[in-house]
Amino acid sequence: MDCLVSSGNRPKIMVTNDDGIDAPGLRALVQVLVSTNLYEVLVCAPDSEKSAVSHSITWIHALAVKRVEIEGATAYAVSGTPADSASLGISTTLFPSIPDLVISGINMGSNCGYHIVYSGTVAGAREAFLNGIPSVSVSYNWVAGKSNVHDFKLAAEACLPMISAVLSEIKNQRYPERCFLNIDLPTDVVNHKGYKLTKQGKSRAKMGWRQVTSNTQGRRVLSTMTMDANPEVCTEMDASPRSGEHLLFKREVRGAPVLEDDTDYQCLLEGYITVTPLGALSPADIDCQAYFKTLVPGVLESSSSSAL
């Protein structure tokens, strides 16, 4: 493992996200971490909303970085993606030393099942993991009409025991290097049922498209891949002019996620704080491996026979 908690110093926690450095989830998490006086808190996060960008990175253009005042923390806003922000923050180019732990979040909206693939929040933690830094992604299951901004502080406080436990394991050199954690907190976070170890399920909201007449039509931001519209938050929209030859289409939700027993999203809806270990590999199911084990060896032979 590339970093270990020093016994003589406070552990360094770097916070990133995909909702932007001004997002209430990130600010609540930083405030709670700072208030404990147990950690040195660093922030390196996108300068604007970057939800559902997955693990995209900036390659051609330089990143613009600006110092931001957040009480009790050293913070920078980055013009790139969550993966960019995490990568820059752990590189020692921006901060003088490598953080002991990277936390990405708190996201406005859950990140479970197949939505993990789209998530910029999870990508921030994954980028740290790929570079050998222990990491955790944290999301709150925001539901419009039931949730409020104060819930982010409650969610951050509910995560503190897990953060403390992870740092203790890192210090004692017992923390596993082959995974990172994805944590989702239930909507009624104050009455949560405790932590529950879960596995990633296959839940995914059914999506579709509808034709619109302008870029600003239906301008409410979607909290995350859960697609729960949040009218309290505004978003940057593509305001570039379009000629009359262009057709415009916008995503829309056409069905709720399908639930599976004892997986992350199902347990989250039951009121648990779900803790799901994740990796970076994407192996197919065993039955797919068995199928192609028979198919692949015969492809060239079959092709040669057909050519005769």
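Worth saying up front: this structure is predicted, and the values here are computed from it rather than measured.
- Arg178 CZ: 12 or fewer foreign heavy atoms inside a 6.0 Å radius.
- For Arg126 (side chain) and Gly120 (main-chain N/O), no donor-acceptor pair under 3.5 Å exists by modelled atom type.
- When all heavy atoms are compared, the tightest approach of Pro82 to Pro46 is N-CG, 3.9 Å.
- Under the 4.5 Å side-chain contact rule for hydrophobic residues, Tyr175 and Leu160 share a cluster.
- Between the side chain of Thr58 and the main chain of His61, no donor-acceptor pair closer than 3.5 Å is present.
- With Asn172 contributing its side chain and Glu169 its backbone, the two residues share no donor-acceptor pair below 3.5 Å.
- The minimum heavy-atom distance between Pro24 and Met108, with the atom names listed, is CG-CE, 4.4 Å.
- Under the 4.5 Å side-chain heavy-atom criterion for Ile, Leu, Val, Met, Phe, Trp and Tyr, Leu278 and Met162 are members of distinct hydrophobic clusters.
- A heavy-atom distance below 4.5 Å is found between the side chains of Lys12 and Ser97.
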Hey, mind stepping through Asp19 and Ser51 against side-chain hydrogen bond (donor to acceptor under 3.5 Å, both in side chains) and telling me if it holds?
-> CA-CA 6 Å; Asp19 290 330; Ser51 289; 3.0 Å; yes
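- Looking only at distances, a side-chain donor or acceptor of Lys193 sits under 3.5 Å from a matching main-chain atom of Glu270.
- Between Lys153 and Val32, the closest side-chain pair of non-hydrogen atoms falls below 4.5 Å.
- With respect to Lys202 and Asp285, a salt bridge is recorded, a charged nitrogen being found less than 4.0 Å from a carboxylate O.
- Side-chain N or O atoms of Ser79 include one that pairs as donor or acceptor with a backbone N or O of Ala64 at under 3.5 Å.
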Give the intermediate values and the outcome of side chain to side chain contact (heavy atoms under 4.5 Å, CB included) for residues Gln31 and Val34.
-> CA-CA 5 Å; Gln31 179 188 9; Val34 169; 5.9 Å; no
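- Connection of Val253 to Ile116 is not established within any shared hydrophobic cluster, with ILVMFWY side chains joined at heavy-atom distances below 4.5 Å, either directly or through further cluster members.
- Using a 4.5 Å cut-off on side-chain heavy atoms (C-beta onward), Leu130 and His55 make contact.
- Remark: Ile286 CD1 to Cys288 SG distance equals 10.5 Å, nearest 0.5 Å.
- Side-chain contact check for Met14 versus Phe95: some heavy-atom pair is nearer than 4.5 Å.
- When atom types are taken as modelled, the side chain of Gln200 and the backbone of Gly113 share a donor-acceptor pair closer than 3.5 angstrom.
- Listed here is the closest heavy atom pair of Gly124 and Ser104: CA-OG, 4.0 Å.
- In summary, the side chains of Asp262 and Thr198 do not present any donor paired with an acceptor at a separation below 3.5 Å, with no hydrogens or angles considered.
- Results of the side chain to side chain contact (heavy atoms under 4.5 Å, CB included) test with Val30 over Ile13, Ile103, Ile106, Val15 single out Val15 as the only residue that passes.
- Proximity of a side-chain donor or acceptor of Ser119 to a complementary backbone N or O of Thr121 within less than 3.5 Å is detected.
- Inspection of the Arg204 and His115 side chains reveals no N or O donor paired with an N or O acceptor under 3.5 Å.
- Between Leu167 and Leu101 there is a side-chain heavy-atom pair separated by less than 4.5 Å.
- Heavy-atom minimum distance, Ser85 versus Thr16: CB-OG1, 3.6 Å.
- Between Glu40 and Arg10 no salt bridge is recorded (no basic side-chain N to carboxylate O distance below 4.0 Å).
- Closest non-hydrogen pair, Gly279 versus Phe180, comes out as O-CE2, 3.9 Å.
- For the pair Ser87 (side chain) and Ala83 (backbone), a donor-acceptor distance under 3.5 Å is absent.
- Side-chain contact of Asn141 with Thr187: a donor-acceptor pair under 3.5 Å is present, judged by distance alone.
- Here CG of Asp184 is found 14.0 Å from NZ of Lys196. Values are rounded to the nearest 0.5 Å.
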Full working for side chain to side chain contact (heavy atoms under 4.5 Å, CB included) between Ile183 and Ile273 | CA-CA 7 Å; Ile183 297 176; Ile273 300 175; 3.7 Å; yes
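- At distances below 3.5 Å, at least one donor-acceptor pair connects side-chain atoms of Ser91 with backbone N or O atoms of Thr93.
- Note on Lys66 versus Asp47: no salt bridge recorded, every NZ/NE/NH1/NH2 to OD/OE distance being 4.0 Å or above.
- Between Pro186 and Leu269 there is no side-chain heavy-atom pair separated by less than 4.5 Å.
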Hey, mind stepping through Asp151 and Leu154 against side chain to side chain contact (heavy atoms under 4.5 Å, CB included) and telling me if it holds?
-> CA-CA 5 Å; Asp151 291 328; Leu154 299 175; 3.9 Å; yes
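- No more than 12 heavy atoms of other residues, nucleotides or ligands lie within 6.0 Å of CH2 in Trp59, so this atom counts as exposed by the packing criterion.
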Verdict with supporting geometry, Tyr265 and Ser110, side chain to side chain contact (heavy atoms under 4.5 Å, CB included) | CA-CA 8 Å; Tyr265 192 55; Ser110 63; 3.9 Å; yes
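- Rounding to the nearest 0.5 Å gives a distance of 9.5 Å between SG of Cys44 and OH of Tyr76.
- From Ser139, atom OG reaches atom CG of Asp264 across 10.5 Å, with rounding to the nearest 0.5 Å.
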Verdict with supporting geometry, Tyr140 and Phe152, ring-ring contact (aromatic ring centres under 6.0 Å, His included) = CA-CA 7 Å; Tyr140 165 66; Phe152 287 114; 5.7 Å; yes
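- If you take CD on Glu177 and CD1 on Ile170, they are separated by 10.5 Å, rounding to the nearest 0.5 Å.
- No donor-acceptor pair closer than 3.5 Å links the side chain of Asn131 to the backbone N or O of Ile133.
- Val53 and Leu88 fall into different hydrophobic clusters, defined by Ile, Leu, Val, Met, Phe, Trp and Tyr side-chain heavy atoms under 4.5 Å apart, directly or through other members.
- Residues Val189 and Leu33 fall within the same hydrophobic cluster, defined by Ile, Leu, Val, Met, Phe, Trp and Tyr side chains chained together at heavy-atom separations under 4.5 Å.
- Annotation: side chain of Phe129 is not in contact with side chain of Ser137 (no heavy-atom distance under 4.5 Å).
- For the 3.5 Å distance criterion, the side chains of Thr81 and Asp84 qualify, holding a donor opposite an acceptor.
- Counting only heavy atoms from C-beta outward, the side chains of Val138 and Asn107 never approach each other to under 4.5 Å.
- Distance OG1/Thr74 to CZ/Arg67: 5.0 Å, rounded to 0.5 Å.
- Between Lys199 and Thr276 the shortest heavy-atom distance is C-CG2, 3.8 Å.
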